[in-house]
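Okay, structure first, notes after.
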Amino acid sequence: MSQKLKTLERMLSKSGLASRTEARKLIGSGRVGVNNRIVLNPDQWVDPERDRLTFDGKPVRAAALEYWLLYKPTGYITAARDPEGRPTIYDLLEASQKQLKYVGRLDQDTSGLLILTSDTRFADFVSSPESHLPKTYLVKSLGMLSEEQLDSLRKGVELKDGPTRPAQVKRVRYSSTSTFFEITITEGRNRQVRRMVEAIGSKVRKLVRVAIGPIEIGELPIGKTRQLTASEAIALSNFGASSARSSREPARQSQP
Ligand code: URA
């Protein structure tokens, strides 16, 4: 069975025509067709790419795919709901955005860029470990870190779930008690930056994700969302594809 199959009820609700409960009723009342035949079973599998849905004989079109950015503040959980009742990122969204899925997580004490989308293929692609999509964080860490310590982050440090891939690290400034630096990693392990900083004997005091691939946080106000432009969404997909390719293949020699 194709992994892309969905139930008829889900397809209808995803199209925006009806809620899932309403969709079941509409299907049961014989108003929904699949490939020109009325189907009464809401749990019937349909292939979104091939099967043609109709409602009262008229084509049902898929809802337009959406791509958003959220500047997540600290204190919010990246989850649909939290068993402990803490605020989640969905508390920051408008009613019309609640169907969106987040791509990758930021932990509760981390702020910054989070992608939200209704495009599950795009989400899988961007969050897949194989895409090696770079993510850039601004870090405030405890104490004055030496160049050797920052070099260890660049080369990769040993974590309990294995060594980290090489990272780009740029020191921004020192204060009397902290070091501010930017780090770009191409992995997305749980609390990775915090654990990397602990591995070099320091501690993260503040962590902000400022870029995902070519998408930068820019002037987006904290706690707010904005739509990705079509060219940003395409750039992000292409960026992921090219970084996945370059990590698998040796660089091509250009022909003389
Ligand atoms: N690294 C972390 O430690 N936390 C995040 O939320 C993201 C990356």
Side-chain angles (χ1 to χ4, degrees), residues 68-84 86-93 100-117 123-143 145 149-172 178-218 220 222-225 236 239-240 243 247:
W68 290 80
L69 287 181
L70 166 69
Y71 189 156
K72 175 196 169 300
T74 57
Y76 287 80
I77 305 289
T78 313
R81 60 192 72 79
D82 181 51
E84 293 172 38
R86 293 168 294 181
T88 77
I89 56 158
Y90 287 91
D91 295 326
L92 298 163
L93 304 181
L100 300 171
K101 302 271 181 278
Y102 52 84
V103 182
R105 286 170 198 266
L106 288 177
D107 47 60
Q108 188 181 8
D109 300 327
T110 304
S111 59
L113 272 189
L114 203 58
I115 295 175
L116 304 162
T117 184
D124 290 347
F125 176 66
V126 169
S127 57
S128 141
E130 277 83 52
S131 80
H132 294 311
L133 189 67
K135 287 142 212 134
T136 303
Y137 298 83
L138 191 57
V139 188
K140 179 183 179 187
S141 68
L142 191 65
L145 299 183
Q149 284 172 301
L150 296 180
D151 254 346
S152 305
L153 294 178
R154 288 185 185 106
K155 286 180 195 141
V157 292
E158 196 60 51
L159 299 181
K160 69 176 188 304
D161 48 359
T164 60
R165 289 168 56 86
Q168 285 176 26
V169 177
K170 196 167 77 188
R171 196 178 64 227
V172 178
S178 315
T179 307
F180 295 78
F181 66 93
E182 232 179 52
I183 184 165
T184 302
I185 57 173
T186 54
E187 300 168 282
R189 297 194 230 164
N190 190 29
R191 298 178 73 82
Q192 181 166 343
V193 175
R194 289 173 195 276
R195 292 191 291 136
M196 288 173 77
V197 172
E198 279 163 23
I200 57 161
S202 177
K203 206 167 166 40
V204 167
R205 293 179 129 187
K206 192 170 176 193
L207 188 59
V208 186
R209 181 150 72 190
V210 292
I212 301 174
I215 313 297
E216 293 182 359
I217 203 158
L220 183 61
I222 193 151
K224 298 290 181 203
T225 56
L236 198 52
F239 208 89
S243 37
S247 71

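One-based numbering, in listed order, for ligands and for the atoms of each. Heavy atoms only: backbone and side chains are in, while hydrogens, waters and symmetry mates are out.
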Side chains of Leu70 and Tyr102 in contact at under 4.5 Å (non-hydrogen atoms):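 The answer is no, as the side chains (C-beta and beyond) never meet within the 4.5 Å cut-off.
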Less than 4.5 Å apart, any side-chain heavy atom of Thr179 and any of Ser202?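 Contact flag for Thr179/Ser202 side chains = no.
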Residues in the immediate environment of ligand 1 (any heavy atom closer than 4.0 angstrom): Leu106, Asp107, Thr110, Tyr137, Arg191, Gln192, Val193, Arg194, Leu207
Asp82: what forms a salt bridge (Lys or Arg N to Asp or Glu O under 4.0 Å) with it, not counting sequence neighbours?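 Partners of Asp82 by the salt bridge (Lys or Arg N to Asp or Glu O under 4.0 Å) criterion, ordered by chain and then number, come out as Arg86.
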Listed by chain and number, what are the salt bridge (Lys or Arg N to Asp or Glu O under 4.0 Å) partners of Asp109, not counting sequence neighbours? none
Residue Glu187 excluded, over 12 heavy atoms near CD under 6.0 Å: yes
Acceptor/donor pairs from residues 154-163 side chains to any protein atom, 3.5 angstrom cut, sequence neighbours excluded:
| unit_1 | atom_1 | unit_2 | atom_2 | d |
| --- | --- | --- | --- | --- |
| Arg154 | NE | Val169 | O | 3.2 |
| Arg154 | NH1 | Glu147 | OE1 | 3.2 |
| Arg154 | NH1 | Asp151 | OD1 | 3.0 |
| Arg154 | NH2 | Val169 | O | 2.9 |
| Asp161 | OD1 | Arg189 | NH1 | 2.8 |
| Asp161 | OD1 | Arg195 | NH1 | 3.1 |
| Asp161 | OD2 | Arg195 | NH2 | 3.0 |

